Structure formats: C-alpha cells, structure tokens
Trainee: 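One structure follows; several queries about it will come next.
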Amino acid sequence: MKHTRITNNQRTKQRFQNVIFDADSTLFTIEGIDELARMKGVYPQVAALTAVGMNGHASFEKIMVERLKIIQPNAFNLKQLAGLYQQSITAGGIELIHALIKQKINVFVVSGGFTPALRMGTKMLNVKPELVFANELVFNEKSAAQLNSAIPLWKNTGKQEIVAGLRKKYSGTFLMIGDGKTDWDVYEAGLVEEFILFAGVVKREKLLAKARKVIFEKNLLRVLQFL
C-alpha cells in the first residue's frame with residue numbers, strides 16, 4: 001500500500017483542521033477487549049496473547065482473531081462494554097472535544113475496538129457517529145461472533161487505510177492522538193502532519209523513545225498546548 005509521504009519540512013506548528021483520536025487508553029481509560037475478556041472469565045488467556053503481539057512475536061491480525069475465538073463476545077456483552085466506556089472517559093476528554101468542535105475542527109475516532117460499543121461510548125463525547133470508525137462483529141444463528149473483514153481495522157495497516165480515506169474526503173491538516181504503535185504508524189506512513197503520544201493511561205517505552213510530543217498527565221486537555 002503506497003501513500004504520499006509528508007516531508008519533515010511540512011511537519012510544522014499549525015492549526016489543525018482535523019483531529020483523529022484513538023479510543024482505548026486514550027479517550028477512555030480502559031481497553032475494550034480486556035474488559036470483554038473479564039466479562040467472559042478468560043482475561044489471563046487473552047492478556048497472554050496480547051503480550052505476544054506487543055512483543056512482535058505474532059501479527060496483529062492473528063492476535064485479533066485468536067482473542068475473539070477465546071472471548072466469543074455476544075451482543076449483550078457489547079452493550080455492557082458501552083456502559084463501561086461511558087464510565088471511563090479520560091479526564092478532560094469531553095472538554096477537549098467540545099473545544100475542538102467549537103473551533104470547527106473535524107473530530108474523528110479511529111480504533112481497533114468494536115461498534116456499537118464505541119459509538120455509544122463516544123456519544124457522550126459528542127463525536128458524530130459517522131466519524132467513529134471501529135471493527136464490527138457479526139453474529140450468526142448460534143450467536144458466535146465473527147469480524148466483518150470488509151472493515152480493515154482488524155489488520156495491522158487498518159488505521160492507515162482509514163486515515164488515507166479520510167484525507168481524500170476532508171481537506172486541511174491532520175493530527176493523530178493515541179497511545180499505541182498503530183497510531184504511531186499512521187504518522188510514520190506520512191498520513192498525518194503531527195502525532196501526539198498520550199501516555200496518561202499506558203506508557204509504552206518504545207513509543208516514548210520515538211515521539212516528539214508526549215502527554216504524561218491523565219488529562220486530555222493537555223492536548224490544547226500543542227494546537
């Protein structure tokens with residue numbers, strides 16, 4: 001997949017017309033898949049798989065599929081997760097998004113989490129549902145959950161594909177805010193002008209060594225200092 005790379009000369013301080021947020025451990029203080037695993041009593045197994053993926057010993061795609069096989073969430077679990085999201089909004093999140101929208105900045109959420117849980121959670125943040133991009137689970141007649149493979153966010157390059165699409169539709173400069181490698185990869189691929197590492201919930205040492213702009217406090221209002 002080829003993208004137009006933004007040069008270092010273009011990565012300058014400027015007003016952003018578009019801001020993209022990750023969800024888990026950024027807009028919210030929880031990791032959705034971990035909470036689903038706890039609901040089903042399989043958290044240790046899922047956490048072990050997550051660690052394998054974080055260490056680079058297996059692909060993002062394989063880990064995602066394997067975790068879902070273990071958890072097997074149902075529609076009711078997703079409603080429960082939506083409630084947890086609503087109770088776990090990161091400090092300053094509501095105020096920050098209100099400030100961005102007031103400045104007529106487009107606010108997007110691009111996440112490896114799941115709809116409708118994330119759309120219900122982000123509703124409290126006043127993010128338009130059509131601007132929330134996440135994985136979708138499809139349930140068969142036995143209520144077994146499967147990923148909708150047409151949505152690319154279950155893949156390692158999924159966020160890059162979504163952001164590349166947003167750039168074709170929305171004009172202006174883009175800022176990415178997140179805590180994980182897939183968020184950083186969007187910036188490294190040259191798809192956004194700037195990246196802010198939010199380390200207020202989880203600190204990832206490899207990203208701390210790379211990112212130029214880091215927020216350590218658990219308060220998203222700190223983002224305003226970089227705008």
Side-chain angles (χ1 to χ4, degrees), residues 1-6 8 11 16 18-37 43 46-68 70-71 85 88 90 93 108-114 118 122 132-135 147 149 151-167 174-218 220 222-223 226:
M1 182 174 56
K2 294 183 178 179
H3 301 304
T4 302
R5 178 172 289 278
I6 297 164
N8 287 331
R11 302 182 194 273
F16 298 97
N18 307 279
V19 176
I20 305 169
F21 289 93
D22 178 38
D24 294 359
S25 296
T26 300
L27 283 177
F28 305 98
T29 59
I30 60 173
E31 288 284 334
I33 200 152
D34 287 349
E35 297 306 320
L36 288 173
Y43 176 73
V46 169
L49 270 176
T50 301
V52 170
M54 292 291 290
N55 290 327
H57 299 313
S59 70
F60 182 86
E61 293 93 336
K62 182 178 180 180
I63 294 297
M64 173 66 83
V65 172
E66 288 301 315
R67 290 188 300 188
L68 278 179
I70 294 171
I71 299 170
Y85 276 131
S88 307
T90 303
F108 308 91
V109 177
V110 179
S111 168
F114 305 105
L118 267 177
T122 53
V132 178
F133 300 86
N135 283 303
L147 279 165
S149 59
I151 298 172
L153 286 162
W154 63 279
K155 300 189 297 183
N156 191 49
T157 58
K159 287 188 179 182
Q160 296 175 49
E161 293 181 39
I162 295 295
V163 176
L166 292 176
R167 289 205 74 104
F174 281 73
L175 167 67
M176 183 84 197
I177 303 170
D179 72 294
K181 184 179 182 300
T182 54
D183 306 310
W184 167 262
D185 287 345
V186 171
Y187 172 71
E188 198 165 52
L191 290 166
V192 294
E193 280 75 11
E194 191 57 89
F195 170 74
I196 297 175
L197 175 62
F198 185 69
V201 177
V202 178
K203 294 178 176 61
R204 307 192 192 281
E205 295 301 325
K206 289 183 179 179
L207 292 183
L208 287 171
K210 296 178 181 180
R212 299 186 308 164
K213 292 178 169 56
V214 183
I215 295 173
F216 290 98
E217 299 90 343
K218 193 184 289 187
L220 279 168
R222 296 293 186 184
V223 168
F226 296 119

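In this text, all values refer to a predicted model and were calculated from it rather than measured experimentally. Residues: numbered from 1 along the sequence shown.
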Trainee: Report the distance from atom CG of Leu68 to atom CZ of Phe114, rounding to the nearest 0.5 Å.
Mentor: 4.5 Å
Trainee: Partners of Asp185 by side chain to side chain donor-acceptor pair (under 3.5 Å), sequence neighbours excluded?
Mentor: Lys181
Trainee: Distance check, rounded to the nearest 0.5 Å: Thr26 atom OG1 versus Ile196 atom CD1?
Mentor: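 Between Thr26 OG1 and Ile196 CD1, I get 11.0 Å after rounding to 0.5 Å.
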Trainee: Around Lys62, counting heavy atoms of other residues, nucleotides and ligands shown, do more than 12 lie under 6.0 Å from its NZ?
Mentor: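 No, not enclosed.
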Trainee: Taking the side chain from Ser88 and the backbone from Phe28, do they hold a donor-acceptor pair closer than 3.5 Å?
Mentor: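 Such a contact is absent between Ser88 side chain and Phe28 backbone.
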Trainee: Suppose we screen for ring pair (Phe, Tyr, Trp, His ring centres under 6.0 Å). Which residues come up paired with Phe174, at least two apart in sequence or across chains?
Mentor: none
Trainee: With sequence neighbours excluded, what pairs up with Ser25 under the side chain to side chain donor-acceptor pair (under 3.5 Å) test?
Mentor: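 For Ser25, the residues satisfying side chain to side chain donor-acceptor pair (under 3.5 Å) (neighbours in sequence not counted) are Glu31.
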Trainee: Please list, chain by chain and in numerical order, all residues satisfying salt bridge (charged side-chain N to carboxylate O under 4.0 Å, His left out) with Glu61, sequence neighbours excluded.
Mentor: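 Glu61 satisfies salt bridge (charged side-chain N to carboxylate O under 4.0 Å, His left out) with no residue once adjacent residues are dropped.
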Trainee: Side chains of Thr157 and Pro152: does their closest heavy-atom pair fall under 4.5 Å?
Mentor: no
Trainee: Minimum heavy-atom separation for Ala134 and Ile151, please, with both atom names.
Mentor: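 Between these two residues, the closest heavy atoms are O-CG2, 3.5 Å.
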Trainee: Before accepting this row, confirm whether a basic side-chain N of the pair Glu188/Lys159 lies closer than 4.0 Å to the acidic partner's carboxylate O.
Mentor: no
Trainee: For the residue pair Lys155 and Met64, establish whether any side-chain heavy-atom pair is separated by less than 4.5 Å.
Mentor: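 Of all side-chain heavy-atom pairs linking Met64 with Lys155, none is under 4.5 Å.
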Trainee: Among residues at least two apart in sequence or on other chains, which ones pass salt bridge (charged side-chain N to carboxylate O under 4.0 Å, His left out) with Arg67?
Mentor: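 Counting only residues at least two positions away or on another chain, Arg67 forms no salt bridge (charged side-chain N to carboxylate O under 4.0 Å, His left out).
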Trainee: Quick one: does Thr90's side chain have a donor or acceptor within less than 3.5 Å of a partner on Leu27's backbone?
Mentor: yes
Trainee: For Asn135 and Gly112, indicate whether the former's side chain and the latter's backbone hold a donor-acceptor pair under 3.5 Å.
Mentor: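 At least one qualifying donor-acceptor pair exists.
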Trainee: Would you call Leu49 and Ile70 a side-chain contact if the rule is heavy atoms closer than 4.5 Å?
Mentor: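 Side-chain contact under 4.5 Å: yes.
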Trainee: Identify, with sequence neighbours excluded, every residue that meets ring pair (Phe, Tyr, Trp, His ring centres under 6.0 Å) alongside Phe133.
Mentor: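 By the ring pair (Phe, Tyr, Trp, His ring centres under 6.0 Å) rule, Phe133 matches no residue at all.
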Trainee: Just how far is it from atom CD1 of Ile177 to atom OH of Tyr187, taken to the nearest 0.5 Å?
Mentor: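 Here the interatomic distance stands at 14.0 Å.
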Trainee: For the atom pair CD (Glu35) and CD1 (Ile30), what is the distance rounded to the nearest 0.5 Å?
Mentor: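 With rounding to 0.5 Å, CD (Glu35) is 4.5 Å from CD1 (Ile30).
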Trainee: Taking the side chain from Trp154 and the backbone from Val65, do they hold a donor-acceptor pair closer than 3.5 Å?
Mentor: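 Pair absent, no side-chain N/O of Trp154 close to backbone of Val65.
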Trainee: Distance check, rounded to the nearest 0.5 Å: Leu153 atom CG versus Thr182 atom OG1?
Mentor: 9.0 Å
Trainee: Could you measure the distance from the CD1 atom of Ile215 to the CG atom of Asp179? Nearest 0.5 Å is fine.
Mentor: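 Here the rounded value is 12.0 Å.
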